[in-house]
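What follows is a short report on a single structure.
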Amino acid sequence: QVQLMESGGDSVQAGGSLRLSCAYSPVTSRPSCMAWFRRAPGKEREGVASLYLGSRSGVYQGSVEGRFTISHDDSENILFLQMTDLNTDDTATYYCAAKKAGACGSWGDGAGFGYWGPGTQVSVST
């Protein structure tokens, strides 16, 4: 069993930046792949970025590529999502997800990820 907890959500103005964090435990259940998803009001959940743990190269949804960076701190077992140049379309609840096997770059609706955090809210205003 893997437990995930997000933090870092906030209300910011357009053009601003935020860094989301996702701490996971226990370390003996290290996942192979972690990802960030988001769900905006009235919309379906969508994948934002994913990363094989141990890799430095993430996979990104087109609308966030160049603005968001996914990374992982191996020593602290924390997943990050650095978000810059935020716009109102980025307003959503952001979820951290993990899986222990399987492809990491194809998210679909997130059904392949077995572990989820409760989410953290990001609100971007003009």
Side-chain angles (χ1 to χ4, degrees):
Q1 188 74 8
V2 178
Q3 295 181 324
L4 308 174
M5 180 60 67
E6 306 93 340
S7 61
D10 205 345
S11 297
V12 297
Q13 289 194 318
S17 300
L18 280 176
R19 188 175 79 160
L20 304 183
S21 301
C22 173
Y24 67 90
S25 63
V27 298
T28 53
S29 295
R30 179 184 170 99
S32 63
C33 166
M34 297 188 73
W36 290 97
F37 286 77
R38 67 186 180 186
R39 176 175 280 154
K43 295 187 177 181
E44 298 291 320
R45 183 174 63 192
E46 61 177 2
V48 175
S50 62
L51 181 72
Y52 275 114
L53 298 194
S55 169
R56 294 187 180 276
S57 298
V59 178
Y60 299 91
Q61 183 204 101
S63 70
V64 308
E65 192 148 19
R67 299 189 298 122
F68 290 11
T69 302
I70 187 171
S71 62
H72 179 254
D73 185 323
D74 290 340
S75 64
E76 298 291 335
N77 297 308
I78 301 176
L79 181 75
F80 298 105
L81 185 68
Q82 179 68 49
M83 306 187 294
T84 63
D85 194 21
L86 286 160
N87 59 62
T88 55
D89 290 339
D90 298 316
T91 294
T93 301
Y94 283 72
Y95 300 91
C96 175
K99 60 167 62 176
K100 292 188 178 181
C104 195
S106 178
W107 310 308
D109 62 359
F113 288 80
Y115 306 98
W116 293 84
T120 186
Q121 179 66 39
V122 172
S123 297
V124 184
S125 60
T126 55

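What you see is a predicted model, and the numbers here were worked out from it, not measured in a lab.
Listed by first then second residue, pairs satisfying ring pair (Phe, Tyr, Trp, His ring centres under 6.0 Å) with a partner in residues 49-69 number zero, not counting sequence neighbours. The disulfide (SG to SG under 2.5 Å) analysis of residues 45-87, with sequence neighbours excluded, yields no pairs. Sorted by first then second residue, the salt bridge (Lys or Arg N to Asp or Glu O under 4.0 Å) pairs that include residues 112-126, not counting sequence neighbours, number zero. For residues 74-101, the set of pairs meeting the ring pair (Phe, Tyr, Trp, His ring centres under 6.0 Å) definition, not counting sequence neighbours, is empty. Within the structure, salt bridge (Lys or Arg N to Asp or Glu O under 4.0 Å) pairs that include any residue of residues 102-126 do not occur (at least two apart or interchain). Within the structure, the disulfide (SG to SG under 2.5 Å) test picks out the following pairs touching residues 82-126 (sequence neighbours left out): C22-C96, C33-C104.
Residues forming a salt bridge (Lys or Arg N to Asp or Glu O under 4.0 Å) with E46 (at least two apart in sequence, or on another chain): R38. Checked against side chain to side chain donor-acceptor pair (under 3.5 Å), T126 has no partners two or more places apart in sequence or in another chain. In terms of the salt bridge (Lys or Arg N to Asp or Glu O under 4.0 Å) criterion, residue partners of R67 (sequence neighbours excluded) are, by chain and number, D90. Partners of F113 by ring-ring contact (aromatic ring centres under 6.0 Å, His included), not counting sequence neighbours, listed by chain and number: F37. By the side chain to side chain contact (heavy atoms under 4.5 Å, CB included) test, V59 pairs with S50, W107, sequence neighbours left out.
Once rounded to the nearest 0.5 Å, the distance linking CE of M5 with OG1 of T120 reads 10.0 Å. With rounding to the nearest 0.5 Å, the separation of CD in Q121 from OG1 in T91 is 7.5 Å. Between the OG atom of S25 and the CD1 atom of I78 there is a distance of 11.0 Å, given to the nearest 0.5 Å. One distance of note links CG of L81 with OG of S71; it measures 8.5 Å at 0.5 Å rounding. In this structure, the separation between CG on N87 and OG on S63 is 8.0 Å, given to the nearest 0.5 Å. Between the CD atom of Q82 and the CG atom of L18 there is a distance of 8.5 Å, given to the nearest 0.5 Å.
Residues L4 and L79 have side chains not in contact (no heavy-atom distance under 4.5 Å, counting atoms from C-beta outward). Contact annotation: the side chain of P31 never approaches that of Y115 to less than 4.5 Å [non-hydrogen atoms, C-beta and beyond]. Between I70 and M34, the closest side-chain pair of non-hydrogen atoms is not below 4.5 Å. Residues E6 and T93 fail the side-chain proximity criterion, which asks for heavy atoms closer than 4.5 Å. No side-chain heavy atom of V64 sits under 4.5 Å from any side-chain heavy atom of W36.
At least one cation-pi condition fails for R39 and W116: the charged atom is not both under 6.0 angstrom from the six-membered ring centre and inside a 45 degree cone around its axis.
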Would you tabulate the side-chain donor-acceptor contacts of residues 7-14 under 3.5 Å, counting partners in other chains and residues two or more places apart, or write 'none'?
none

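A salt bridge does not link K43 with D89: none of the charged nitrogens is closer than 4.0 Å to a carboxylate oxygen.
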